[in-house]
Number of protein chains: 2
Amino acid sequence: MAKRIGAPAATSVSSSSSASGLRQPVRMSDVAQAAGVARVTVSRALNYPETLAPATLAKVLDTIRRLGYVPDLTAGSLASARSRIVGAIVPTLSNSWYADTMEGLAAVLGPSGYHLMLAQSNYHPRAEAGLVDAFLGRRVDAIVLTGVTRDRGVRGKLRKLGLPVIETWDLTDSPIDTVVGFSNTGAGQAVAAYFGSRARLRIGFIGAREERSLKRLAGLNRGLAALGAQPAHAELLHPPSSIALGAQAANSLLRKQPDIQGVFCSNDSLAAGALLECRRRGWDVPGRLAVIGFSDLAMAEASYPPLTTVRVQAREIGRQTAQALLRRFGGEPRARHQRILDVGFEIIERESA
Amino acid sequence: MAKRIGAPAATSVSSSSSASGLRQPVRMSDVAQAAGVARVTVSRALNYPETLAPATLAKVLDTIRRLGYVPDLTAGSLASARSRIVGAIVPTLSNSWYADTMEGLAAVLGPSGYHLMLAQSNYHPRAEAGLVDAFLGRRVDAIVLTGVTRDRGVRGKLRKLGLPVIETWDLTDSPIDTVVGFSNTGAGQAVAAYFGSRARLRIGFIGAREERSLKRLAGLNRGLAALGAQPAHAELLHPPSSIALGAQAANSLLRKQPDIQGVFCSNDSLAAGALLECRRRGWDVPGRLAVIGFSDLAMAEASYPPLTTVRVQAREIGRQTAQALLRRFGGEPRARHQRILDVGFEIIERESA
DNA sequence: TTGAAAGCGCTAACAT
DNA sequence: ATGTTAGCGCTTTCAA
């Protein structure tokens, strides 16, 4: 399928310096002394500049610059009990859905002085509890979760702690704190309706055996039922998904159910694989089989035929998550808090269905 | 090109709890008291378990579990001057090259107790200095940079600090500390040679006006020169790249240079766009125009025709970076330090060239 | 093998 | 508007 023309890895060796436990040479007290003020004044210049006399402020800031002082946020966090760190857990960054969400999150958080700390669960819901604890140990100011966590221990602990927590990429009526996402079942239903409107009622599904993907399947089946159609023939895989897995699953599905008229792939990579399989079989898409993907990756537009897919605003989920957090950090009155933010989805009609 | 079928965003409102500056309820001294030992002993149980009598260790660990104690790493970092945080700067996570590298980095770092902190430069070399300072303020144990930083201030400061620093996605003979990547100019040369071996000597280039992309162009031109060919007709864009930009750039390039026989796109998205443009014009690929991409994204395989591209091990760069760091943290003798790690690249021949 | 004392560098009250 | 006094919760000597 693909020939390799190698430029093998070469490797060079050399020596180097190293160190550990190094500290910045200049501390706040050095600045204070040099500027002829107390340490608090330096602290205030940094954190509450408006409380200082303009002249003092200028003098301190100038000294800071002159000495190249970089405040130790580790000490600051300890003293203030605020770390200005947001911890986020994603299944993996290799899936560009989540990478995009993180990009949106970091892009909004960064300019406000917050840092993003990342951990990957590799789609293991069990791992989440440990990762959450690790973040709590870091005294993060908030936690961002992918999906609506089902672990009761985690939900209880986080709720009790009162820490800002955003669940993402799905919706629920009773979030731990706040949820930013869209309805996965709703997306499945919309796809069923789309197939129905084109008189395609024998439907297949290819997706990962994973929470949100299964919700999309459930929605699809609900929608099919509403059309009076049979439930979808489902091919469930272990994440992570890939084009190769999609092709394989499509092959297996079509062998078992050759009369299927449409297939909903819970993920554009799988859908691209399904298109490949159709091409291999010489099946016309969408004539013989309609294919719908999910998420509208760049690849959807580049594949052949261009993929009809459910577009989801991955980056927007990140942005809105960040904004919700900033509002929270800013001390927005808790009563008027929006706890459920639906960023929606839309079906992008191209040529595959 | 794409119809939208909307399921517009709905929004729900509700109330919530909130808090700030919350602290974990149980501290090390609580554990110490409950276990009938001194605080240090608890600390040792966590950090140097082998120095404790097995009975003491068991007793302490049990108490920790019973009380649900989660150590405050913020305090630990302050006291020990080691944060177990690695700070990484990428242009953007939206580019899956860098997302993949971060996934590899986090995947190796996590199990060793290190956390990944992320910041995005948005391709602004100028922003890097600020982001580095922000990381230094967090007292990160190491910094991972994308590309070989040219900012002399940054290089000097980091080198002087002696902090482990890994530059990635490129090579250089004189890294700040260590570099993990591949030769971008080498990749460009390899592409030139590839075109040359197929007797294509009128070549175009589409890429971002960005350091590493320009190196690939330089390599391409060097390779073309070696073949006795003219330099590539280059279409330079502002990052980030996209399929749409690629199509547009291809259109512009082909209008100016309709007799071009091959085009090297410095990025698979741009290449996918070029393929789209060829399809639009009804040009045969590779018959009339050969297209080569860069990085071997999933989309390369899914596009039509499947894209010949230069494969780069994005994830492997992250993994090797992490491993180099762990070796460093583990106190590997500095003299035997590999400072230049070349992960190589390979041309994946599919059908577009 | 365990403990006591002394900070790490900063911010938060509470003055003044 | 600025300073003084106490820690934040942990790790690190050093001693026993």
Side-chain angles (χ1 to χ4, degrees), chain A residues 20-61 63-64 67-85 113 136-141, chain B residues 20-61 63-64 67-85 113 136-141:
Chain A
S20 107
L22 49 147
R23 288 188 195 277
Q24 290 280 118
V26 32
R27 292 151 309 171
M28 188 176 272
S29 53
D30 299 323
V31 176
Q33 191 164 20
V37 297
R39 263 161 34 201
V40 250
T41 305
V42 179
S43 174
R44 284 182 183 123
L46 261 11
N47 301 309
Y48 309 95
E50 68 283 2
T51 67
L52 293 186
T56 318
L57 179 59
K59 182 175 58 181
V60 172
L61 291 182
T63 311
I64 288 179
L67 302 190
Y69 169 60
V70 180
D72 187 326
L73 297 189
T74 246
S77 299
L78 179 59
S80 67
R82 292 183 309 111
S83 62
R84 291 185 167 268
I85 295 175
L136 293 178
R138 295 283 184 190
R139 299 302 183 260
V140 296
D141 286 347
Chain B
S20 105
L22 49 145
R23 287 189 195 276
Q24 289 281 118
V26 29
R27 293 151 308 170
M28 188 176 272
S29 54
D30 299 322
V31 176
Q33 192 165 18
V37 297
R39 264 162 34 202
V40 248
T41 305
V42 179
S43 173
R44 285 184 182 122
L46 262 11
N47 301 310
Y48 309 95
E50 67 285 1
T51 68
L52 293 186
T56 317
L57 178 59
K59 183 175 58 180
V60 172
L61 291 182
T63 310
I64 288 178
L67 302 190
Y69 169 60
V70 180
D72 187 327
L73 297 189
T74 247
S77 300
L78 178 59
S80 68
R82 292 184 308 111
S83 62
R84 292 185 165 268
I85 295 174
L136 293 178
R138 295 284 184 190
R139 299 303 184 257
V140 296
D141 287 346

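Bear in mind that the values here come from a model prediction, so they are computed numbers and not experimental data. So that the names make sense, note that chain A is the first sequence line, chain B the second, and so on, each numbered from 1.
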S.K.: So, using salt bridge (Lys or Arg N to Asp or Glu O under 4.0 Å) as the criterion, who are the partners of A:R84 when residues are at least two apart?
M.R.: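 Counting only residues at least two positions away or on another chain, A:R84 forms no salt bridge (Lys or Arg N to Asp or Glu O under 4.0 Å).
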S.K.: For residues A:R39 and A:V31, determine if any side-chain heavy atom of one lies less than 4.5 Å from a side-chain heavy atom of the other.
M.R.: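 No, side chains not in contact.
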S.K.: Tell me which residues in residues 69-77 of chain A lie within less than 4.0 Å of DNA chain C, going by non-hydrogen atoms.
M.R.: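 Only A:Y69, A:P71, A:D72, A:A75, A:G76 qualify.
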S.K.: In whole angstrom, what separates A:R27's CZ from C:dC8's P?
M.R.: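 In whole Å, C:dC8 P and A:R27 CZ are 7 Å from each other.
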S.K.: Given atom CG of B:L46 and atom C1' of D:dG9, what is their separation to the nearest angstrom?
M.R.: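 Distance check: B:L46 CG to D:dG9 C1' gives 13 Å.
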S.K.: Please round to the nearest 0.5 Å and tell me the distance separating atom CD of B:Q33 and atom OG1 of B:T63.
M.R.: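 Rounded to the nearest 0.5 Å, the CD-OG1 separation comes to 11.5 Å.
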S.K.: Which pairs pass salt bridge (charged side-chain N to carboxylate O under 4.0 Å, His left out) with one or both residues in residues 25-37 of chain B, sequence neighbours excluded?
M.R.: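 Found B:R27-B:D30.
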S.K.: Please report, rounded to the nearest Å, how far the C1' atom of D:dG9 is from the CZ atom of B:R39.
M.R.: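 Taking CZ of B:R39 and C1' of D:dG9, I get 7 Å after rounding.
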S.K.: Looking at D:dG3, I'd like to know if its phosphate oxygens (OP1 or OP2) sit under 4.0 Å from a side-chain N or O belonging to A:T41.
M.R.: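 Indeed, a polar side-chain atom of A:T41 lies that close.
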S.K.: Describe the nucleic acid contact of A:L78 in one word from base, sugar-phosphate, nothing, applying a heavy-atom distance below 4.0 Å.
M.R.: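 Base contact.
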S.K.: Quick one: does any side-chain atom of A:D141 pair with a main-chain N or O of A:S83 as donor and acceptor, under 3.5 Å?
M.R.: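 Between the backbone of A:S83 and the side chain of A:D141 there is a qualifying donor-acceptor contact (under 3.5 Å).
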S.K.: Once you round it to whole Å, what is the distance between C1' of D:dG9 and CG of A:L136?
M.R.: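 It works out to 16 Å between those atoms.
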S.K.: Kindly write out the residues that satisfy salt bridge (Lys or Arg N to Asp or Glu O under 4.0 Å) with B:D72, not counting sequence neighbours, or none if the list is empty.
M.R.: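 Counting only residues at least two positions away or on another chain, B:D72 forms a salt bridge (Lys or Arg N to Asp or Glu O under 4.0 Å) with A:R139.
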S.K.: Hey, could you give me the CG/OG1 distance between B:L78 and B:T74, rounded to the nearest 0.5 Å?
M.R.: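 That separation rounds to 8.5 Å.
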S.K.: Closest heavy-atom contact between B:R138 and A:I85?
M.R.: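 So the minimum-distance heavy-atom pair works out to NH1-CG1, 3.6 Å.
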S.K.: Rounding to an integer number of Å, can you tell me how far B:R138 CZ sits from C:dC8 P?
M.R.: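 So the two atoms are 22 Å apart, to the nearest Å.
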S.K.: Whole-Å distance between D:dT11 C1' and B:M28 CE?
M.R.: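 So the CE-C1' distance, B:M28 to D:dT11, works out to 8 Å.
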S.K.: What N/O pairs connect the protein and nucleotides 12-16 of chain D at under 3.5 Å? Give each pair on its own line.
M.R.:
residue : atom : partner : partner atom : Å
D:dT12  : OP2  : B:Y48   : OH           : 3.2

S.K.: Let me have the donor-acceptor pairs involving side chains of residues 41-58 of chain B, under 3.5 Å, with sequence neighbours excluded, atom names and distances please.
M.R.:
residue : atom : partner : partner atom : Å
B:S43   : OG   : B:N47   : ND2          : 3.4
B:N47   : ND2  : B:S43   : O            : 3.2
B:T51   : OG1  : B:Y48   : O            : 2.8

